[in-house]
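Here the structure comes first, spelled out in structure tokens, and everything after it is commentary.
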Number of protein chains: 2
Amino acid sequence: MPTQDAAAAPTGEGEAEWENAVHEAGLRMTEPRRRVLQALEQLGHATPEVLVAHLSAQGSPLPASTVYRNLESLARAGLVRHSHMHEGVAAYHLPTHGQHLHLVCRECGRVIEAAPDLARDLARNLHRAHGFDADVTHMAIDGRCSACREERIS
Amino acid sequence: MPTQDAAAAPTGEGEAEWENAVHEAGLRMTEPRRRVLQALEQLGHATPEVLVAHLSAQGSPLPASTVYRNLESLARAGLVRHSHMHEGVAAYHLPTHGQHLHLVCRECGRVIEAAPDLARDLARNLHRAHGFDADVTHMAIDGRCSACREERIS
DNA sequence: ATGGCTGCAAACAATTTGCACAACC
DNA sequence: GGTTGTGCAAATTGTTTGCAGCCAT
């Protein structure tokens with residue numbers, strides 16, 4: 001399974017399914033909630049602040065508190081997930097966004113997505129050595145990307 | 001819940017060496033600075049807030065700003081390092097604290113330390129697949145510890 | 001003595017909460 | 001119609017900054 005990122009998918013795609021899932025979770029489908037899900041689909045993954053900015057940019061802004069509350073309720077319902085990246089800030093994404101490791105370059109800040117298979121060895125090692133059940137589906141890994149390393153061949 | 005770590009070493013141990021290193025870095029050795037280093041040695045690794053609390057607990061409190069500024073200057077001098085863990089918050093530690101992976105249990109919050117060798121496969125995989133130079137010396141890994149998993153044999 | 005360091009307070013940024021009203025089912 | 005969700009503002013929390021005086025070098 002290639003890492004190919006769902007290049008800015010044509011908006012308005014899984015909207016009907018969302019409504020379903022939202023209702024099944026005992027939640028209501030509202031306009032702000034739909035916009036949050038939509039934005040997440042477009043961005044792939046984003047921090048709360050980025051979402052607020054994104055939503056402000058396209059059309060009417062959504063109050064930060066609404067964005068935060070939606071992320072929380074949707075996360076509790078399993079409709080969105082969160083992982084840690086971007087220098088320690090939690091970022092959210094749709095479960096359908098696919099599982100992958102986040103390679104965070106400490107120099108340029110870029111986030112590269114890698115296949116979770118690459119961490120399978122690690123997970124197995126940790127389980128054997130510590131009985132630790134690692135979640136490597138959205139793990140953030142710090143380091144330097146190839147581009148930045150080349151720039152500094154000094 | 002406290003991160004019972006490397007057995008509270010007998011305080012006042014590497015203090016002389018610190019003074020050396022601090023001077024070599026062009027910094028001055030002050031009482032607050034010594035206390036920050038001392039606290040880090042005792043705690044193994046800690047977030048700024050935890051440090052502030054710890055220092056308040058034992059003797060006279062140190063203003064948060066002083067703690068933050070010391071962490072920054074000491075980090076720039078290479079006397080302390082930082083990594084991301086504890087739900088996305090940056091934690092600091094002495095370089096002598098040793099390199100290890102941090103297994104963060106998402107249920108009990110405990111941080112287990114694991115040998116970095118366990119991530120060697122991962123680093124190799126990432127380098128081969130993406131040319132990414134991963135820093136796995138202080139990586140935080142999310143998951144569930146053996147104790148918590150047993151509690152929920154569901 | 002002099003420039004880095006401290007302490008305090010105020011500024012900031014990010015996130016949370018209270019509450020009255022609106023909207024979904 | 002009963003609640004869940006929204007919007008606004010104020011409260012919290014975590015971190016940074018300005019500045020006057022202090023103290024290591």
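B:H45 and B:H102 have perpendicular rings, their planes meeting at more than 60° on a 0 to 90° scale where under 30° would count as parallel.
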Using atom names, set out every protein N or O paired with an N or O of nucleotides 20-23 of chain D below 3.5 Å, distance rounded to 0.1 Å.
none

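Remark: side-chain polar atoms of B:T66 are not paired, donor with acceptor, to backbone N or O of B:L62 under 3.5 angstrom. Looking only at distances, a side-chain donor or acceptor of B:R35 sits under 3.5 Å from a matching main-chain atom of B:L55.
The distance between atom CZ of A:R34 and atom P of D:dG5, rounded to the nearest whole Å, is 14 Å. When rounded to the nearest whole Å, the span between CG of A:L55 and C1' of D:dG7 equals 15 Å. As a whole-Å value, the separation of B:R33 CZ from C:dG4 C1' is 8 Å. A:E31 has its CD atom 12 Å from the P atom of C:dA23, to the nearest Å. Distance, A:L27 CG to D:dG5 C1': 10 Å, rounded to whole Å. Between A:E19 atom CD and C:dA23 atom C1' the separation is 14 Å, expressed in whole Å. For the pair A:H23 NE2 and D:dT3 P, the computed distance is 18 Å after rounding to whole Å. To the nearest angstrom, P of D:dT15 lies 14 Å from CD of A:E49.
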- prompt: Run the side-chain contact (heavy atoms from CB on, under 4.5 Å) check on B:L101 and B:L118 step by step: do they pass?
  reply: CA-CA 8 Å; B:L101 310 175; B:L118 299 175; 4.2 Å; yes
- request: Quick one: do B:Q42 and B:Q58 satisfy side-chain contact (heavy atoms from CB on, under 4.5 Å)? Show the steps, please.
  value: CA-CA 12 Å; B:Q42 295 173 342; B:Q58 58 175 231; 3.5 Å; yes
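The stretch residues 66-78 of chain B touches DNA chain C through B:T66, B:R69, B:N70, each having a heavy atom within less than 4.0 Å of the strand.
Side-chain proximity of B:S65 to the nucleotides C:dC25, C:dG7, C:dT17 is greatest for C:dG7.
Evaluated for a side-chain contact (heavy atoms from CB on, under 4.5 Å) with A:L40, the options A:N70, A:L71, A:L79 yield exactly one hit, A:L71.
Both A:P32 and B:T30 sit near DNA chain D, but only A:P32 has its closest nucleotide nearer the 5' end.
A salt bridge links B:E31 with B:R34; the closest basic N to acidic carboxylate O contact falls under 4.0 Å.
Between B:N125 and B:H127 there is no side-chain heavy-atom pair separated by less than 4.5 Å.
Connection of B:V22 to B:Y68 is not established within any shared hydrophobic cluster, with ILVMFWY side chains joined at heavy-atom distances below 4.5 Å, either directly or through further cluster members.
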